[in-house]
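Contents: one structure, followed by commentary.
For the numbers below, each heavy atom of this structure counts, side chains included, while hydrogens, waters and symmetry mates do not. Both ligands and their constituent atoms are indexed starting at 1 by order of listing.
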Amino acid sequence: MAEDPWQSAYDCAIKVARKAGEVIREAGEREIKVSIKSSTVDLVTKTDERVEKIIIGALKEEFGEGAHCFIGEESVAKGQPCILTDKPTWIIDPVDGTTNFVHGFPFVAVSIAFAVNKELEFGVVYSCLEDKMYKARRGQGAFCNDEPIQVSDVKDIHKSIIISEHGTNRNKDVVTKIFSTQKRILCIPVHGLRGSGTAATNMCLVATGAVEAFFEIGIHCWDIAAGAVIVREAGGLLMDVDGGPFDLMSRRMVSANNKVIADRIIQEIEIFDATRDDVVPEQKKQ
Ligand code: IPD
């Protein structure tokens, strides 16, 4: 049998995510130093930067400098490119749910995904305050703390819970569309609307069957890459918010337990623009 080329990378991702989660937990017990990124509601902490360095450093040490490419939230914020090529690439959000972390709202995740030939091979999401390690490898199922997980079998939208986030865009027209979409979905009616404040964790909640779907416009590839593998391997699916195929770099996504639920939600989503992740900085809109 041919040797499995990515098993050691998968094992390493799990180990590194756990270590990163420990660092986040410890940092949360001390004073958190907050700075702002694109706006006053787009937060970053010293911990985000430190944890990303720890993760990338550990992966480089294990696999060698230059062996793999990296797309990390904080590296991209500092001007590194966000272009997914065919090369083996790690896609990392060191602290997904930074606002939660800053406020002590208890959902914070480390998200690490690995893509080869632009295809996601595995994803690891460590919800570190809950100590839940979600993981999935393409074709090998999804797990939470080593127990297999599966999406819910609900097909009746009236019996569903849907997750939707507000994101960090405070443009009034965008916020109006977000609330209008939420109102339309709530009034289908559905059992409820939720949001954990971390896209990676939201996707894991779809994967475990706790909710039927999560959608957002404005998320980034590092928020959802690992969760994408976990949702698919738990039996769910990913789509674009207009019903087309999922595109990791598009900043738009519906993840759902099945197509009946996804299609029903898509009917209600009011779409707004979000500049793609893979647009080079000088082309980005203000
Ligand atoms: C954020 C979270 C949040 C989502 C935002 C993301 P961050 O990620 O995933 O749930 O609504 O769009 O930016 O900034 O905490 O890594």
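Salt bridge present: Glu270 and Arg184 bring a charged side-chain N and a carboxylate O closer than 4.0 Å. Between Glu233 and Arg137 there is no salt bridge, since none of the side-chain N atoms of the basic residue sits less than 4.0 Å from a carboxylate O of the acidic one.
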What are the distances between nitrogen or oxygen atoms of ligand 1 and protein nitrogen or oxygen atoms, counting only those under 3.5 Å?
unit_1, atom_1, unit_2, atom_2, d
ligand 1, 8 (O), Asp96, OD1, 2.9
ligand 1, 8 (O), Asp223, OD1, 3.2
ligand 1, 9 (O), Asp96, OD1, 2.7
ligand 1, 9 (O), Asp96, OD2, 3.4
ligand 1, 9 (O), Ala199, N, 2.9
ligand 1, 10 (O), Gly197, O, 3.1
ligand 1, 10 (O), Thr198, N, 3.4
ligand 1, 10 (O), Ala199, N, 3.2
ligand 1, 11 (O), Glu216, OE1, 3.1
ligand 1, 11 (O), Glu216, OE2, 2.8
ligand 1, 12 (O), Glu216, OE2, 2.6
ligand 1, 15 (O), Gly97, N, 2.7
ligand 1, 15 (O), Thr98, N, 2.8
ligand 1, 16 (O), Glu73, OE1, 3.0
ligand 1, 16 (O), Asp93, OD2, 2.8
ligand 1, 16 (O), Val95, O, 3.3
ligand 1, 16 (O), Asp96, OD1, 3.2

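Not counting sequence neighbours, Asp93 has no partner by the side chain to side chain donor-acceptor pair (under 3.5 Å) test. For the side chain to side chain donor-acceptor pair (under 3.5 Å) test, residues two or more places apart in sequence or in another chain that qualify with Arg25 are Tyr126.
Applying the ring-ring contact (aromatic ring centres under 6.0 Å, His included) rule to pairs touching residues 26-57 yields nothing, sequence neighbours excluded.
Arg251 places no side-chain N or O within donor-acceptor distance of the main-chain N or O of Ala274, the cut-off being under 3.5 Å.
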